[in-house]
Asker: 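Let me give you the structure first, and then I'll get to my questions.
These values consider heavy atoms only, across backbone and side chains, with no hydrogens, waters or symmetry-generated copies.
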Amino acid sequence: MALLPLLLLLLLRIVASAPASPPATALFVLGDSTASCAATTLPLNLSLTSSGNCLFPSAHRLLPDLLAAKMGLPPPPLISTLNGTAAEVARGVNFAGEDGGRGAIFRLGAVGQQLRLATETLQLLRLEAPTPHDADAAAARAVFVLSFGTDAYARVLSRGAGADASAPKHGRRGLARLLADRVARTVEELYEAGARRTAVMGVAPLGCAPRVMWEGLHVVDGRSCVEEANELVQGYNARVAARLAALRPRLAGADVVFCDIYKGMMDIITHPARYGFDETRKACCGLGPFGGTVGCLTKEMVCPTPQRHVWWDLYSPTEVVTSLLANWSWSAPSNSNTTLCRPITLEMLTGHSL
């Protein structure tokens with residue numbers, strides 16, 4: 001056992017001495033409502049306008065926007081707002097929201113549709129590049145972030161006939177295998193299209209989310225979370241992390257990162273005062289017990305102190321929480337318990353580490 005610290009120190013030195021990747025110049029995002037307000041398929045969770053933009057963009061930026069800022073890039077524009085020119089997509093695109101039909105996430109249509117658009121975008125950049133070498137270099141300097149699973153599990157965890165209809169063949173626990181396998185295949189297909197830097201975000205502890213807490217009032221005391229729901233989410237996170245670990249040796253020259261969002265949020269929920277929070281259960285914007293009966297409909301519903309809340313609406317964390325998650329995903333803090341991404345940080349993945 002005494003050798004373990006020495007081995008870890010040697011590994012860190014090897015990683016630190018490895019040639020740094022050039023800084024990434026583009027950010028491409030695939031995902032559900034965790035990646036874009038326009039992607040939500042969740043009922044009664046209406047923190048968006050009819051045009052698909054966030055209802056309160058200044059108070060509720062999402063993780064991809066915060067990561068883009070750390071990369072020195074503007075938030076990646078939604079694919080639906082672009083005309084399809086190479087110049088428009090050169091610095092990145094947000095494909096979230098292109099799901100092939102409302103609720104298609106449960107047929108995995110969202111993943112497949114967004115993958116098709118992403119590979120077509122890479123092909124467009126390749127065709128516009130002066131040389132094949134320039135095309136390969138442009139693809140290698142792009143970072144792809146995948147954030148799927150939250151909307152799928154939110155639906156499955158909801159009450160009523162719609163919950164069982166979300167996964168009629170594979171059931172609640174079978175969804176982890178199905179979705180994790182599809183995400184892993186997406187990483188592989190992006191690699192075949194030229195992507196060399198990919199990060200996959202895990203799912204947050206939805207058993208602590210206001211909507212799931214409200215629906216599980218019969219099994220919680222108002223302080224704990226719905227453990228069955230969290231176990232399902234943990235099962236998915238563990239499976240997708242394992243699938244990516246098995247995939248890495250087959251993707252020569254690529255970096256594939258998994259970021260454990262669940263771990264980060266549970267640390268906040270378990271130790272709220274440490275991070276400046278005093279409300280870990282109730283949504284800042286919502287109605288009913290835990291603010292989980294009806295989602296965020298108007299600005300007038302927003303609580304006066306969103307910075308003190310962990311949850312923004314039925315399933316989404318507040319921007320303060322999201323900022324912490326972005327920071328912990330970006331670099332390894334002094335407190336190793338909040339190191340979320342493995343095997344490297346997003347700062348290293350994007351080539352911005354010193």
Asker: What is the distance from atom CD of E215 to atom OG1 of T293, rounded to the nearest 0.5 Å?
Answerer: 9.0 Å
Asker: Would you call D267 and R274 a salt bridge, taking side-chain N to carboxylate O under 4.0 Å as the test?
Answerer: yes
Asker: Hey, could you give me the CD/OG1 distance between E88 and T81, rounded to the nearest 0.5 Å?
Answerer: 7.5 Å
Asker: Walk me through it: do V320 and R308 pass the test side chain to side chain contact (heavy atoms under 4.5 Å, CB included)?
Answerer: CA-CA 8 Å; V320 179; R308 308 291 293 180; over 6 Å; no
Asker: Mark yes or no: R196 above the aromatic ring of Y191, with NZ or CZ under 6.0 Å from the six-membered ring centre and no more than 45 degrees from the axis.
Answerer: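 Satisfied, under 6.0 Å and within 45°.
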Asker: Is the count of non-hydrogen atoms from other residues, nucleotides or ligands lying under 6.0 Å from Q307 atom CD greater than 12?
Answerer: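 Counting neighbours around CD of Q307, more than 12 heavy atoms of other residues, nucleotides or ligands fall under 6.0 Å, so yes.
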Asker: Give a yes or no on whether the backbone of L247 and the side-chain of E188 come within a donor-acceptor separation of less than 3.5 Å.
Answerer: no
Asker: Tell me every residue that passes salt bridge (Lys or Arg N to Asp or Glu O under 4.0 Å) with E279, counting only those two or more places apart in sequence or in another chain.
Answerer: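 Here no residue qualifies.
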Asker: For residues A86 and L125, report the shortest heavy-atom separation together with the two atoms involved.
Answerer: O-CD2, 3.8 Å
Asker: Is there a donor-acceptor pair closer than 3.5 Å between any side-chain N or O of S36 and the backbone N or O of S33?
Answerer: no
Asker: Nearest 0.5 Å please: distance from the CD atom of Q234 over to the CG atom of L206.
Answerer: 11.5 Å
Asker: Can any side-chain N or O of D313 pair as donor or acceptor with the backbone N or O of G295 at less than 3.5 Å?
Answerer: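 No; judged by distance alone, with no hydrogens or angles, the pair does not exist.
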Asker: In the structure I gave you, are the side-chain heavy atoms of R281 and I269 within less than 4.5 Å of one another anywhere?
Answerer: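 Result yes, sub-4.5 Å side-chain heavy-atom pair found.
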Asker: Calculate, to the nearest 0.5 Å, the distance between atoms CG and CZ belonging to L115 and R182 respectively.
Answerer: 6.0 Å
Asker: Do the side chains of W312 and T322 get nearer than 4.5 Å, heavy atoms only?
Answerer: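 No, too far: nothing below the 4.5 Å cut-off.
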Asker: Which heavy atom of V226 sits nearest to which heavy atom of V212, and what is that distance?
Answerer: CG2-O, 3.7 Å
Asker: Are any of the side-chain heavy atoms of D278 and P272 separated by less than 4.5 Å?
Answerer: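 Side-chain contact under 4.5 Å: no.
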Asker: With a 4.5 Å limit on heavy-atom distance, are the side chains of I268 and W328 in contact?
Answerer: yes
Asker: Is there a side-chain contact between V187 and L251, using heavy atoms and a 4.5 Å cut-off?
Answerer: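 They are in side-chain contact.
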Asker: Any carboxylate oxygen within less than 4.0 angstrom of a Lys/Arg side-chain nitrogen, looking at E192 and R185?
Answerer: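 Here E192 does not pair with R185 in a salt bridge, since their nearest N and O are not under 4.0 Å apart.
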Asker: Mark yes or no for whether Q123, through its side chain, and T119, through its backbone, hold a donor-acceptor pair below 3.5 Å.
Answerer: no
Asker: Specify the closest pair of heavy atoms between F28 and G92, including all atoms of both residues, with the distance to one decimal.
Answerer: CE2-CA, 3.7 Å
Asker: Any idea which heavy atoms bring N237 and V203 closest together, and the distance?
Answerer: OD1-N, 2.8 Å
Asker: Backbone N or O of T280 within a donor-acceptor pair of the W311 side chain at under 3.5 Å?
Answerer: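 Here the side-chain-to-backbone pair exists.
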Asker: Testing the basics here: between T150 and D32, what is the closest heavy-atom pair and its distance to 0.1 Å?
Answerer: N-OD2, 3.1 Å
Asker: Can you tell me how far the CD1 atom of I261 sits from the CE atom of M201, to the nearest 0.5 Å?
Answerer: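 These two atoms lie 4.0 Å from each other.
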Asker: Let's go through T34 and L63 carefully: what are the C-alpha distance in whole Å and the side-chain angles of both, what is the deciding distance for side chain to side chain contact (heavy atoms under 4.5 Å, CB included) to 0.1 Å, and is it a yes or a no?
Answerer: CA-CA 7 Å; T34 56; L63 190 60; over 6 Å; no
Asker: Do V321 and F277 have side chains that get closer than 4.5 Å, going by heavy atoms?
Answerer: yes
Asker: Using the side chain to side chain contact (heavy atoms under 4.5 Å, CB included) rule, take Q114 and I79 through it: C-alpha gap first, then chi angles, then the decisive distance, then the call.
Answerer: CA-CA 10 Å; Q114 292 181 41; I79 184 66; over 6 Å; no
Asker: So C285 and C303, disulfide bond (SG atoms under 2.5 Å apart) or not? Walk me through it.
Answerer: CA-CA 6 Å; C285 192; C303 66; over 6 Å; no
Asker: Just verifying a value: how many Å separate Y236 OH and L175 CG, rounded to the nearest 0.5 Å?
Answerer: 9.0 Å
Asker: Please answer whether the main-chain N or O of T350 pairs with a side-chain N or O of R197 as donor and acceptor at a distance below 3.5 Å.
Answerer: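 Yes; at least one donor-acceptor contact below 3.5 Å.
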Asker: Answer yes or no: is there a side-chain heavy-atom contact under 4.5 Å between F144 and L122?
Answerer: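 Result yes, sub-4.5 Å side-chain heavy-atom pair found.
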Asker: Measure the shortest side-chain to side-chain distance between V233 and P205 over non-hydrogen atoms and say whether it is less than 4.5 angstrom.
Answerer: no
Asker: State yes or no: do L66 and L340 share one hydrophobic cluster built from I, L, V, M, F, W and Y residues joined by side-chain heavy-atom distances below 4.5 Å, directly or via other members?
Answerer: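 No; L340 is not reachable from L66 via cluster members.
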Asker: Side chain of N94, backbone of A96: donor and acceptor closer than 3.5 Å?
Answerer: yes
Asker: Check whether any side-chain N or O of R248 sits under 3.5 Å from a backbone N or O of D255 as a donor-acceptor pair, and report yes or no.
Answerer: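 No; judged by distance alone, with no hydrogens or angles, the pair does not exist.
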Asker: Please give me the minimum heavy-atom distance between P343 and V257, naming the atom from each residue.
Answerer: CD-CA, 4.4 Å
Asker: Show your working on side chain to side chain contact (heavy atoms under 4.5 Å, CB included) between V29 and S147 and close with a plain yes or no.
Answerer: CA-CA 8 Å; V29 180; S147 185; 5.9 Å; no
Asker: Counting distance only, does the side-chain N/O of T318 pair as donor-acceptor with the main-chain N or O of H309 below 3.5 Å?
Answerer: yes
Asker: So, the side chain of Y153 versus the backbone of A204: is there a donor-acceptor pair under 3.5 Å, distance only?
Answerer: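 No.
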